[in-house]
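Working notes for the structure below.
FYI, side chains are in, hydrogens and waters are out, and symmetry mates aren't considered; it's all heavy atoms of this structure.
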Amino acid sequence: MKKRIIILCVYPQDRVPGLRFRIEQYLPVLEQAGFEITFSSLFSTWEYARFTAKGNTVLKAWLVLKGFFRRLFQCITIGKYDVGFIYREVFVAGPAWFEKFITKRIPCVYDFDDAIWLQNVSVENRKFAFLKNTGKISTIISRCKTVVAGNEFLAKYALQFNHNVHIIPTTIDTQKYHCTKRKTDERVCIGWSGSADTIRFFKLALPALVKVQQRFGQGVYFKIIGDKNYYCAELQTKAIAWNAVAEVSDLCEIDIGIMPLLNDDWARGKCALKGLQYMSLGIATVMAPAGVNSEIITDGVNGFLTSTDDEWVEKISLLVTNASLRKQLGDKGKQTVIEHYSVLANKEKWVAAFRRDEIIES
């Protein structure tokens, strides 16, 4: 008889990068391993789009209330599943009421890929920050049978509350990530991928990027993926919205992928998804040496690490002028992803997370 897993999260499928690259792309792997999967999000795709949009305070309140009763009903039937998988949290606000009830009824695997015990609310929902209860993260971790963390920094936090913690990095499905369309623009594209909420990290590199633009003029251009409304006049940025269907082809236009970050605890919790996406496509990658970035990149071998504005200018300029170096670092970066940060390299770790004796036999 197949073991039944219920995936519990706030977000609908195919909408949030963390969920997509942490567990969604492993669903076929888990099904092939003999598990029966039920996906249960707090919001539907339509509801989540409204909840994360600007305004509509009354509608957002109604959606949260609707989700509350949806979870209440689910608590009644949760016992029919063998294992629960919680990504970050089950409900968007308040204490860990639902998580406590669910983990009492069935054994659960908990997964997180950011320093979510720190307060970090999207720009659109900053007025609702008081509803976020970051303190419940430690409670959820302590009540789950197995905890999966995206990097060592997150694992060290989780080990304070649970001894059964395992690191599985955020990964790329390298069987799907391929550039099939040849680029026709001879200019060098310097690109960044993110969201309207994380555009603040791109802005950290602006002083350096302006100098690069001044040095190379029309020989370079700048592409932003994720925040279609962002525009920097000095760089004359080209911005587009993120699109699931066109995600890979949009990235393939980029010649040099950048990932600037602050060197703080929130950055140390990041799992370098942007950088891994660039690298998996053979794009020369330049990242700030924050958190796991320094584990992924060996400076000058499979990418560049940069700490100061001068280093950003120097290393991006070197890549702009040297196409063979871009290819060399891109090829090495792609190999790094295939060997260590791909679905193929990590699929057995996820299967094992659900097969551990203390999960199935609890």
Side-chain angles (χ1 to χ4, degrees), residues 17 170 172 177 179 183 185 187-216 219-227 230-232 234-240 242 247-248 250-263 267 270-323 325-330 332-334 336-337 341:
T170 295
I172 305 294
Y177 263 61
C179 289
K183 183 180 173 183
D185 196 325
R187 297 177 299 163
V188 174
C189 178
I190 300 168
W192 176 89
S193 177
S195 67
D197 191 49
T198 58
I199 193 70
R200 64 187 187 274
F201 295 125
F202 171 77
K203 293 176 182 178
L204 295 172
L206 280 180
L209 296 179
V210 169
K211 290 180 181 179
V212 170
Q213 197 282 329
Q214 291 171 344
R215 179 176 296 182
F216 296 102
V220 298
Y221 68 103
F222 301 86
K223 181 176 184 177
I224 306 295
I225 301 172
D227 186 354
Y230 177 76
Y231 181 72
C232 174
E234 291 178 287
L235 300 180
Q236 296 183 3
T237 46
K238 170 187 176 181
I240 61 172
W242 173 80
E247 181 175 44
V248 173
D250 286 340
L251 286 167
C252 285
E253 184 183 351
I254 298 171
D255 296 297
I256 303 170
I258 64 170
M259 187 178 174
L261 277 176
L262 289 169
N263 193 15
K270 303 295 286 182
C271 293
L273 174 59
K274 297 179 185 65
L276 292 172
Q277 285 181 291
Y278 305 146
M279 294 167 71
S280 69
L281 294 168
I283 298 168
T285 302
V286 186
M287 299 200 284
V292 77
N293 293 4
S294 297
E295 298 174 21
I296 296 170
I297 293 286
T298 300
D299 190 41
V301 176
N302 58 353
F304 280 138
L305 295 173
T306 55
S307 299
T308 66
D309 286 348
D310 287 343
E311 287 182 355
W312 278 99
V313 174
E314 174 193 352
K315 292 181 177 180
I316 291 177
S317 297
L318 185 59
L319 290 170
V320 170
T321 57
N322 193 331
L325 180 61
R326 292 201 301 271
K327 186 177 187 309
Q328 177 186 325
L329 296 187
K332 289 286 188 179
K334 184 174 183 177
T336 297
V337 173
Y341 300 96

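- Lys327 NZ to Leu319 CG: the interatomic distance, rounded to the nearest 0.5 Å, is 14.5 Å.
- Side-chain contact between Thr285 and Leu329: absent, with no pair of heavy atoms (C-beta onward) separated by less than 4.5 Å.
- For the side chain to side chain contact (heavy atoms under 4.5 Å, CB included) test with Lys223, the passing option among Ile240, Thr237, Ile190 is Ile240; the others fail.
- Side-chain contact between Leu209 and Trp312: absent, with no pair of heavy atoms (C-beta onward) separated by less than 4.5 Å.
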Run the side-chain contact (heavy atoms from CB on, under 4.5 Å) check on Lys203 and Tyr230 step by step: do they pass?
CA-CA 10 Å; Lys203 293 176 182 178; Tyr230 177 76; 3.6 Å; yes
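- Residues Ala272 and Ile296 approach most closely at CB-CD1, 3.5 Å, considering heavy atoms.
- Salt-bridge formation is detected for the pair Lys238/Glu253: a Lys NZ or Arg NE/NH1/NH2 atom is positioned less than 4.0 Å from an Asp or Glu carboxylate oxygen.
- Judged purely by atom type and a 3.5 angstrom limit, Thr198 has no side-chain atom pairing as donor or acceptor with the backbone of Gly194.
- Taking CZ of Phe304 as the start and CD1 of Ile258 as the end, the distance is 14.5 Å to the nearest 0.5 Å.
- Once rounded to the nearest 0.5 Å, the distance linking CD1 of Ile224 with OH of Tyr231 reads 11.5 Å.
- Summarising the geometry of Leu204 relative to Leu262, their closest heavy-atom pair is CD1-N, 3.6 Å, with the distance given to 0.1 Å.
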Walk me through whether Val210 and Gln214 qualify under side-chain contact (heavy atoms from CB on, under 4.5 Å).
CA-CA 6 Å; Val210 169; Gln214 291 171 344; 3.6 Å; yes
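- A tilted orientation is assigned to the rings of Trp192 and Phe202, their planes being inclined by 30° to 60°.
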For Tyr221 and Gln236, what are the C-alpha separation, side-chain angles and deciding distance, and is it a side-chain hydrogen bond (donor to acceptor under 3.5 Å, both in side chains)?
CA-CA 8 Å; Tyr221 68 103; Gln236 296 183 3; over 6 Å; no
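- Of all heavy-atom pairs spanning Ala284 and Arg326, the tightest one is CB-O, 3.8 Å.
- A 4.5 Å side-chain heavy-atom check between Ile172 and Met279 finds every atom pair outside the cut-off.
- If you take OG on Ser193 and CD on Glu247, they are separated by 6.5 Å, rounding to the nearest 0.5 Å.
- Not one N or O on the side chain of Asn322 forms a donor-acceptor pair closer than 3.5 Å with the backbone of Leu318.
- Taking all atoms of both residues into account, the shortest heavy-atom contact from Ser280 to Tyr177 is OG-CD2, 3.2 Å.
- The only option from Leu276, Thr170, Asn293 that meets the side chain to side chain contact (heavy atoms under 4.5 Å, CB included) definition with Cys271 turns out to be Thr170.
- The minimum heavy-atom distance linking Asp299 with Leu305 is given by the pair OD1-N, 2.8 Å.
- The residues Lys211 and Asp309 are annotated as not salt-bridged, no charged nitrogen and carboxylate oxygen being separated by less than 4.0 angstrom.
- Taken from CG in Asp227 to CD1 in Ile199, the straight-line distance is 5.0 Å, to the nearest 0.5 Å.
- Other residues, nucleotides and ligands contribute at most 12 non-hydrogen atoms within 6.0 Å of the NZ atom of Lys332.
- Atom CZ of Phe201 sits about 9.0 Å away from atom OG of Ser195, to the nearest 0.5 Å.
- Using a 4.5 Å cut-off on side-chain heavy atoms (C-beta onward), Leu251 and Ile254 make contact.
- Counting only heavy atoms from C-beta outward, the side chains of Ile316 and Thr306 never approach each other to under 4.5 Å.
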Applying side-chain contact (heavy atoms from CB on, under 4.5 Å) to Glu311 and Thr308, what does each step give before you reach the verdict?
CA-CA 5 Å; Glu311 287 182 355; Thr308 66; 3.3 Å; yes
Hey, mind stepping through Thr336 and Tyr341 against side-chain contact (heavy atoms from CB on, under 4.5 Å) and telling me if it holds?
CA-CA 7 Å; Thr336 297; Tyr341 300 96; 4.1 Å; yes
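- Residues Val212 and Arg215 have side chains not in contact (no heavy-atom distance under 4.5 Å, counting atoms from C-beta outward).
- The minimum heavy-atom distance between Leu206 and Leu235, with the atom names listed, is CD2-CD1, 3.6 Å.
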